[in-house]
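What follows is a set of notes on a single structure, which appears directly below.
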Amino acid sequence: FDGAYETATSTAIIVFSDGDNNDTTTASWATWDGSNWTLRQNFTSQTNTNFNYIYWIRVEANPRVNSQEVFATFADASNELYAARWSGSAWGNFQNITNSSLMSLGGSLESVNHRDFDIAFSSQTSTFYIFGGIGDNIEVVYWTGSGWAAGTDSGDIDASDNTWRWVIAKPDVSGTSNRIAVFAQQGSPRAAFGIFNGGGGGTWPNTWNTDFFVNASRSQAYVPPIGL
């Protein structure tokens, strides 16, 4: 599960797996208005197509003033990624992200035991990005304002041909930059780091491959914090 506050209304939105693998809508949501919880319902469209349990959910709100936009991203037991957009009144724009045209089909996501994807908004343009550790790269998908598109991937930052375990994306929140710092850790233990410059498909002006971080064993048991 995960959650975020709408920037405009301070309404909290919580998205959670319903613990079911008997349907293609295996996630639900609830809201907190400052006084009361309201259990909403299952998502109205797919949050997975493979009848698998959802293992990881990430939720982020658009930081732009007066925005009610919220995005949720799901990873299921078959290593597929899905995303949905909250407009302020309804969930929509449901998309299988790992569908070969956006991110690599099936990829190398290890969502059963690890969360090798993350999400973030670029601070200056408020563009929403999904980062997935797939193969030797960090692949990128973003919301254009009207649909989903593939962004610029990191290129090969895996010098050891290992598998990504954790991906963490943190934006520069100053409002004057579109930089997003992306850290990816493996089980070798190695890690890689990159600076992603958002806005449209984005660029990677700086990356450091896994040869630079060859003793990342202390981070292998890292569980990303959940804040609300």
Side-chain angles (χ1 to χ4, degrees), residues 1-6 12-31 39-62 68-88 90-121 127-134 138-144 147-151 163-170 180 182 184 223-228:
F1 72 94
D2 199 7
Y5 281 98
E6 289 183 348
I13 297 178
I14 308 297
V15 180
F16 56 94
S17 170
D18 61 16
D20 185 13
N21 70 338
N22 295 318
D23 203 343
T24 57
T25 53
T26 54
S28 300
W29 59 290
T31 58
L39 180 61
R40 299 295 181 173
Q41 57 187 3
N42 281 40
F43 279 78
T44 56
S45 188
Q46 66 186 44
T47 47
N48 83 53
T49 54
N50 302 296
F51 292 87
N52 282 293
Y53 292 105
I54 291 176
Y55 279 97
W56 299 95
I57 297 175
R58 282 283 287 114
V59 179
E60 289 286 347
N62 190 327
Q68 291 180 262
E69 190 175 54
V70 176
F71 287 89
T73 306
F74 314 83
D76 69 18
S78 65
N79 301 321
E80 297 285 357
L81 274 180
Y82 298 82
R85 173 180 172 269
W86 171 255
S87 65
W91 288 100
N93 305 109
F94 295 91
Q95 180 67 57
N96 181 338
I97 298 301
T98 42
N99 66 357
S100 77
S101 62
L102 293 173
M103 281 188 182
S104 297
L105 180 63
S108 298
L109 289 161
E110 281 204 333
S111 55
V112 174
N113 298 308
H114 306 99
R115 200 202 73 196
D116 47 3
F117 76 94
D118 204 6
I119 62 178
F121 280 89
T127 305
F128 174 74
Y129 292 95
I130 303 172
F131 300 90
I134 297 178
I138 303 298
E139 295 193 15
V140 180
V141 170
Y142 71 105
W143 176 253
T144 65
W148 299 100
T163 304
W164 305 111
R165 287 190 170 185
W166 302 103
V167 172
I168 307 297
K170 296 295 181 183
I180 300 172
V182 181
V223 177
I226 296 174
L228 181 65

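Keep in mind it's a predicted model, so treat the numbers as computed, not measured. Any value given below was found using the heavy atoms of this structure, including those in side chains, with hydrogens, waters and symmetry copies removed.
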Check your understanding: To the nearest 0.5 Å, what is the distance between CG (Leu39) and CD1 (Ile14)?
Key -> 11.5 Å
Exercise for review: Would you mind reporting whether Trp166 and His114 have side-chain heavy atoms less than 4.5 Å apart?
Suggested key: yes
Study note, to complete from the structure: Sequence neighbours excluded, the answer for side-chain contact (heavy atoms from CB on, under 4.5 Å) partners of Glu6 is Thr9, Thr11, Ile13, Gln68, Val70, Trp86
Study note, to complete from the structure: When every non-hydrogen atom of Ala149 is compared with those of Thr144, the smallest separation belongs to CB-CG2, 3.7 Å
Review point. Between Tyr129 and Val140, what is the shortest heavy-atom contact and its length?
Key: CD2-CG1, 3.7 Å
Review point. Of the non-hydrogen atoms in Ile180 and Ala169, which two are nearest, and what is the gap between them?
Key: CG2-CB, 4.0 Å
Point to revise | Distance, nearest 0.5 Å, that separates CD1 of Ile168 from CZ of Arg115 | key: 4.5 Å
Exercise for review: Give, for atom CD1 of Ile119 and atom CD1 of Ile97, the distance between the pair rounded to the nearest 0.5 Å.
Suggested key: 11.0 Å
Review point. Atom CH2 of Trp56 and atom CG of Leu81: how far apart are they, to the nearest 0.5 Å?
Key: 13.0 Å
Practice item. With sequence neighbours left out, write down each residue that passes side-chain contact (heavy atoms from CB on, under 4.5 Å) with Ser28, or none if nothing qualifies. Key: Phe16, Asp18, Asn42
Study note, to complete from the structure: In terms of heavy-atom contacts, Glu139 and Ile134 come closest through OE2-CG2, 3.7 Å
Check your understanding: At their closest point, which heavy atom of Tyr142 faces which heavy atom of Ala150, and how far apart are they?
Key -> CE2-O, 3.6 Å
Practice item. Report yes if the side chains of Val59 and Trp29 come closer than 4.5 Å at any heavy-atom pair, otherwise no. Key: no
Review point. Is any side-chain heavy atom of Phe74 less than 4.5 Å from a side-chain heavy atom of Val15?
Key: yes
Check your understanding: Can you tell me how far CD of Glu69 sits from CZ of Phe121, rounded to the nearest 0.5 angstrom?
Key -> 5.5 Å
**Study point:** Closest non-hydrogen atom pair, Phe131 against Ala120
**Key:** CE1-CB, 4.5 Å
Point to revise | Atom pair OH (Tyr53) and CG (Asp76), whose distance is rounded to the nearest 0.5 Å | key: 12.5 Å
Review point. So do Trp148 and Ile130 actually touch side chain to side chain, heavy atoms under 4.5 Å?
Key: yes
Review point. Does a side-chain heavy-atom distance below 4.5 Å link Phe128 with Thr73?
Key: yes
